Amino acid sequence: MALRTIRLQGDPVLNKVCREVKEITPKIQILIEDMLETMYEAEGVGLAAPQVGILKRIVTIDVGDGPLVLINPKIIESDGEQTGGEGCLSLPGKAGRVTRPNHVIARAYNEKMEEFEVEGTELLARAICHELDHLEGHMYTEWVEGDLYDVEYEDEE
């Protein structure tokens, strides 16, 4: 596994629509492992393949319940509403208020190309929506209500 460079807002790759994954190749397996390692190293809750420069429909998410890998994900149901602070590894140190569904169900494939559904509320619902936006070439800043604000990170020493 290897850490990948996270692309920052302004990088043209973040504005492109990603291609579907047709099969799990050794390169795709390595990409998924690298994405998880990169997401954890950056202390993020989610990472989409375009954020590491790869235009594939793959996201990794971990809101504290263990890693989720979603390949070719689609939201098939959403309801409710939540508004809260949201940040992104591609725009470090900034956040903004975004309204998202409070409940989503997504259909995706796992690393064995087996179809499954994941249901999420609150943070998981927000993370799913946020990461799937990346696959369509969008960043959360497009949905921010008001201005972005600086985020202070506490030292864990």
Side-chain angles (χ1 to χ4, degrees), residues 4 6-22 24 28 31-32 35-36 38-153:
R4 304 258 180 143
I6 296 174
R7 304 297 181 93
L8 301 179
Q9 186 173 22
D11 188 315
V13 75
L14 295 173
N15 301 114
K16 297 183 189 249
V17 176
C18 295
R19 297 180 300 277
E20 283 199 356
V21 174
K22 305 273 190 232
I24 302 298
I28 295 291
L31 171 63
I32 291 168
M35 285 176 63
L36 285 165
T38 302
M39 177 184 75
Y40 289 128
E41 178 68 23
E43 298 182 7
V45 298
L47 187 67
Q51 290 181 275
V52 293
I54 307 296
L55 291 172
K56 295 284 188 184
R57 298 186 78 76
I58 302 171
V59 303
T60 57
I61 296 172
D62 189 342
V63 296
D65 300 324
L68 269 175
V69 175
L70 306 175
I71 299 170
N72 301 333
K74 292 181 178 142
I75 293 174
I76 58 172
E77 189 178 313
S78 67
D79 59 78
E81 189 174 279
Q82 61 171 308
T83 301
E86 194 164 314
C88 182
L89 295 175
S90 291
L91 190 57
K94 296 288 185 184
R97 286 178 50 83
V98 178
T99 298
R100 301 269 191 193
N102 195 51
H103 171 258
V104 299
I105 299 174
R107 184 172 293 139
Y109 294 90
N110 65 18
E111 300 96 321
K112 297 178 182 173
M113 288 305 278
E114 300 165 333
E115 191 174 59
F116 72 102
E117 289 183 4
V118 59
E119 183 170 6
T121 59
E122 299 172 355
L123 180 58
L124 181 54
R126 179 178 295 279
I128 290 169
C129 293
H130 178 109
E131 299 309 328
L132 270 62
D133 278 351
H134 279 299
L135 302 182
E136 296 298 325
H138 297 288
M139 293 219 11
Y140 83 100
T141 53
E142 296 176 44
W143 326 127
V144 167
E145 302 162 11
D147 294 326
L148 292 175
Y149 54 89
D150 293 332
V151 178
E152 300 274 336
Y153 295 102

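Since this is a predicted model, take the numbers as computed values, not measurements. Just the heavy atoms: all of them, side chains too, but no hydrogens, waters or symmetry mates, feed the values below.
The minimum heavy-atom distance between Arg4 and Thr38, with the atom names listed, is N-OG1, 2.9 Å. Nearest heavy atoms, Glu111 versus Ile32: CG-CD1, 4.0 Å. A pairwise comparison of heavy atoms in Pro101 and Ala125 identifies O-CB, 3.8 Å as the closest pair.
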Exercise for the section: Begin from the C-alpha positions of Ile24 and Tyr109 and carry the test side-chain contact (heavy atoms from CB on, under 4.5 Å) through to its verdict. Expected result: CA-CA 10 Å; Ile24 302 298; Tyr109 294 90; over 6 Å; no
Exercise for the section: Decide side-chain contact (heavy atoms from CB on, under 4.5 Å) for Leu70 and Val118; before the verdict, give the C-alpha distance in whole Å, the side-chain angles of both, and the deciding distance to 0.1 Å. Expected result: CA-CA 9 Å; Leu70 306 175; Val118 59; 4.0 Å; yes
Handout entry: Criterion side-chain contact (heavy atoms from CB on, under 4.5 Å) on Leu124 and Leu68, from CA distance to verdict
Key = CA-CA 10 Å; Leu124 181 54; Leu68 269 175; 3.9 Å; yes
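Within a 6.0 Å sphere centred on CG of Asp79, heavy atoms belonging to other residues, nucleotides or ligands number more than 12. Counting heavy-atom neighbours within 6.0 Å of Glu41 CD, excluding the residue itself, gives a total of 12 or less.
Salt bridge present: Arg107 and Glu117 bring a charged side-chain N and a carboxylate O closer than 4.0 Å.
Applying the salt bridge (charged side-chain N to carboxylate O under 4.0 Å, His left out) rule to Asp133 yields the partners Arg100; only residues at least two apart in sequence or on another chain are considered.
A distance of 4.5 Å separates CD1 of Ile105 from CD of Glu119, quoted to the nearest 0.5 Å.
Leu31 has its side chain within reach of Ile58: a pair of non-hydrogen atoms, C-beta onward, lies under 4.5 Å apart.
No option in Glu86, Lys94, Gln9 other than Gln9 meets the side chain to side chain donor-acceptor pair (under 3.5 Å) test with Thr141.
No side-chain donor-acceptor contact under 3.5 Å links Asp11 to the backbone of Leu14. Counting only distance, with no hydrogens or angles, the side chain of Ser90 and the backbone of Arg7 share a donor-acceptor pair below 3.5 Å.
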